[in-house]
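Every chain is numbered from 1, with letters handed out A, B, ... down the list of sequences.
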Amino acid sequence: MASKVRVRFAPSPTGYLHVGGLRTALYNWFMARRHGGTFVLRIEDTDRARMVEGATENLIRTLEVCGLKQDEGPYLQSERREKHLACAYELIEKGYAYYCFCSKERLEEVSKNQQLNKQPVMYDRHCRDLDRTTAENRAAVGDEHVIRLKAPLEGSIVMEDLIRGRVEIPWAQVDDQVLVKSDGYPTYHLAATCDDHDMEISHVIRGEEWLSSLPKHLFIYQAMGWEAPQFAHLPLLLNPDKSKLSKRQGDVAVEEYLAKGYLPEALVNFVALLGWNPTADREIFTKEELAALFDITKVNKGGAVFNREKLDWMNAEYIQALPMDEYLRRLSEGGFLPEGIEQERAARIVKARLVKFADARELIDEAVNALPYEAPALVWKKSDAKIAKARLEGVRAWLEGKDETWFADVPRMEEETRAWIAEKGWSNGDTLWPLRVALSGREKSPSPFELMFVAGKIETLVRVDAAIKKMQ
RNA sequence: GGCCCGUUCGUCUAGGGGUUAGGACAGCGGCUUUUCAAGCCGUUAACAGGGGUUCGAGUCCCCUACGGGCUACCA
């Protein structure tokens, strides 16, 4: 790789961090970490009309939650406007850009006709050959104008992409792109190119949607006499129907996943493996491990469907791996843990079956609160009412003799109770089933030992008594 | 419409001329089991199609089909 790796993540502040954006950020971060480089954050806020209040702060916060802290920045592109404009004027000076005074109406007219005649839709270069001095005077006087790139008319450009290899695009296809808008702000093409050069970016890693405008960017580098960085255009993230991942077909914002209680580590792990994988029969990696193995040239060319089922699986894996106190802390800080001692105990036993934190409330509720039920529910399928009642009475006497601390130790409760059942010559089924239903009121539930742990001694006995009474 | 990019199990992918085409998620089956979940074991399932090149193509080339991106004074 180049001697000094400098990469950047350059989102526009449109309100939230898109999961595709997260992956782009991640790959840039990997690249920086892998080569001892610098990860720069730049906010592309040149479109004043699309600015969203608080979006930038939110973007930075979300990246940080995901463990992606920039080494440099954030730079605000809007604050670098003077540099961009200077660049535009230099391009005009060198004959690689020009003033354009065409009205929006004329432009619409032109493209309408092109569409009708099945011609490629692009600017007809009406102002391309205006006399420069005249144009400059008009501009100085305040005539509304834009500045356009003076793209070559013939031949084609051959480009080298780290992921796709050689790409060739005929210049006839490349429009005289607007570089400076009539509001005096630069467009992405000018600003990004200019900034990437200024910030000495060595590798531009961005979404595939930019591939077709790469000729314009390369042309600017060349016209300015700058050395161009290397480029890598990432494949898109897709909906299940293979269209570009969009809001309509499910969540696309990282914030939404976080709000649902997906762990940032899990989301990062999952997203990182969409389009690239370190060639190992393994799925769970920390981002540091991934960074150490990262190779931009091994990134897939084809788009990847964002498969939520696998995300769920992976998130559950991460929850399982969390130490209990860490798990409770995060659950609580995320606002997913209802108040109460039983609730906290339930949170403990529910951890193993939790897919995402947002599901915790319901699972906890099921573990804490018993449902109303009818007496027949207490009878195990291979048993009968008489046995069920006898077992319940036996269990009650057994539990009566235990102290509160005994109920705080699930493995011990289970071990000793099973031994006791065996000693009695009873079966686990005809004993444990009635106990479990007595405690939960449900056909399906956590184990009776877990439920006793949640309920505590007093409440356990109350529920067992109630069950016995139902059997009268 | 034009230009560009892409195409291995349903999904994420491994694979860079010689493989029984491997793994993961989901699915299915079984084991375990007081229920559910988990866990463990097993299993279904793919090189888009057609031409080349080659002794030999998932791997290289071409064509077609399909999908996607761009085609803004948005990024």
Side-chain angles (χ1 to χ4, degrees), chain A residues 10-14 44-47 49-50 77 100 102 104 107 111 114-115 117-123 144-148 156 161 163-164 167-170 172-175 177-189 191-192 206-215 233 235-236 238 240-244 270 273-284 298 300-314 316 320 350 352-355 363 366 380-383 421 427-437 440 442-449:
Chain A
S12 60
T14 49
E44 312 250 319
D45 56 349
T46 53
D47 186 359
R50 296 214 313 179
Q77 202 156 55
C100 166
C102 292
K104 289 229 164 86
L107 260 21
S111 68
Q114 288 168 331
Q115 239 157 343
N117 299 320
K118 305 215 169 186
Q119 300 286 314
V121 179
M122 54 201 287
Y123 180 54
E144 187 162 297
H145 65 278
V146 300
I147 297 175
R148 285 181 183 275
S156 59
D161 184 273
I163 294 171
R164 284 149 219 285
V167 177
E168 182 172 353
I169 295 180
Q173 275 307 309
V174 181
D175 207 349
Q177 181 66 47
V178 170
L179 299 178
V180 178
K181 297 176 260 189
S182 57
D183 66 1
Y185 275 77
T187 58
Y188 171 87
H189 307 281
R206 66 210 328 184
E208 188 184 17
E209 67 269 27
W210 296 110
L211 186 57
S212 32
S213 40
L214 183 54
H233 290 89
L236 263 17
L238 274 24
D241 71 356
K242 305 269 190 183
S243 58
K244 187 175 173 180
F270 174 71
L273 264 23
L274 255 24
W276 171 71
N277 129 345
T279 310
D281 288 348
R282 194 180 143 194
E283 304 287 328
I284 307 293
K298 290 287 200 341
N300 288 167
K301 299 173 176 77
V305 172
F306 191 86
N307 174 205
R308 289 197 49 176
E309 282 176 334
K310 191 158 183 178
L311 205 212
D312 280 348
W313 166 79
M314 193 171 276
Q320 294 278 34
V350 127
R353 57 218 322 158
L354 202 53
V355 168
L363 291 180
E366 285 175 9
W380 188 40
K381 63 185 173 188
K382 295 182 194 168
S383 185
I421 290 169
S427 81
N428 288 326
D430 62 26
T431 313
L432 264 18
W433 174 278
L435 207 214
R436 196 178 55 72
V437 174
S440 67
R442 293 171 164 88
E443 270 194 40
K444 304 172 189 176
S445 79
S447 80
F449 310 106

Partners passing ring pair (Phe, Tyr, Trp, His ring centres under 6.0 Å) against A:W313 (at least two apart in sequence or in another chain): none
Suppose we screen for ring pair (Phe, Tyr, Trp, His ring centres under 6.0 Å). Which residues come up paired with A:F270, at least two apart in sequence or across chains? A:F306
Between [M] and [N] - [atom1] atom distance, rounded Å:
{"N": "B:A21", "M": "B:U44", "atom1": "P", "answer": "14 Å"}
{"N": "B:A14", "M": "B:G23", "atom1": "P", "answer": "15 Å"}
{"N": "B:G10", "M": "B:C4", "atom1": "C1'", "answer": "29 Å"}
{"N": "B:C25", "M": "B:G18", "atom1": "P", "answer": "29 Å"}
{"N": "B:A57", "M": "B:G52", "atom1": "P", "answer": "11 Å"}
{"N": "B:G16", "M": "B:A72", "atom1": "C1'", "answer": "40 Å"}

For [N], which nucleotide in any strand shown is its Watson-Crick or wobble partner with both distances under 3.5 Å?
{"N": "B:A21", "answer": "none"}
{"N": "B:A65", "answer": "B:U7"}
{"N": "B:C70", "answer": "B:G2"}
{"N": "B:A37", "answer": "none"}
{"N": "B:U43", "answer": "B:G27"}

From the candidates B:G6, B:A14, B:U34, the one with an atom nearest any side-chain atom of A:R164 is B:G6
Check whether any side-chain N or O of [X] sits under 3.5 Å from a backbone N or O of [Y] as a donor-acceptor pair, and report yes or no.
{"X": "A:R148", "Y": "A:Y123", "value": "no"}
{"X": "A:D47", "Y": "A:A49", "value": "yes"}
{"X": "A:S12", "Y": "A:T14", "value": "no"}

For nucleotides 40-49 of chain B, print each protein N/O atom paired with a nucleotide N/O atom at under 3.5 Å, atom names and distance only.
none

Using a cut-off of 4.0 Å on non-hydrogen atoms, how would the nucleic acid contact of [X] be classed: base, sugar-phosphate, or nothing?
{"X": "A:P240", "answer": "nothing"}
{"X": "A:K298", "answer": "base"}
{"X": "A:G207", "answer": "nothing"}
{"X": "A:A352", "answer": "nothing"}
{"X": "A:Y123", "answer": "nothing"}

With the side chain counted from C-beta on, respond yes when A:L214 and A:H233 share a heavy-atom pair under 4.5 Å apart, and no when they do not. yes
Name all residues meeting the salt bridge (Lys or Arg N to Asp or Glu O under 4.0 Å) criterion together with A:D430; count only those two or more places apart in sequence or in a different chain, and write none if there are none. A:R391
Restricting to salt bridge (Lys or Arg N to Asp or Glu O under 4.0 Å), what partner residues turn up for A:K310, sequence neighbours left out? A:E283
For each nucleotide in nucleotides 24-29 of chain B, reading 5' to 3', give B when a protein heavy atom comes within less than 4.0 Å of its base, S when such contact involves only the sugar-phosphate, and - otherwise. BSS---
Sugar-phosphate atoms are those with a prime plus P, OP1 and OP2; base atoms are the rest. Using that split, label each nucleotide of nucleotides 65-75 of chain B B, S or - for protein heavy atoms under 4.0 Å, 5' to 3'. ---SSSSSBBB
Would you please name every residue forming a side chain to side chain contact (heavy atoms under 4.5 Å, CB included) with [X], sequence neighbours left out?
{"X": "A:E168", "result": "A:S156, A:V158, A:R166"}
{"X": "A:P278", "result": "A:L273, A:W276, A:F285, A:L290, A:L293"}
{"X": "A:N300", "result": "none"}
{"X": "A:P235", "result": "A:R23, A:R164, A:V299"}

Does A:Q77 have any side-chain hydrogen bond (donor to acceptor under 3.5 Å, both in side chains) partners at least two apart in sequence or in another chain, and if so, which? A:E44, A:D195
Would you tell me if any nitrogen or oxygen in the side chain of [X] comes within less than 4.0 Å of OP1 or OP2 on [N]?
{"X": "A:T279", "N": "B:G15", "value": "yes"}
{"X": "A:N300", "N": "B:U13", "value": "yes"}
{"X": "A:N277", "N": "B:U13", "value": "no"}

Here's a test of your reading of the structure: between A:Q119 and A:K301, which maps to the more 5' nucleotide of RNA chain B? A:Q119
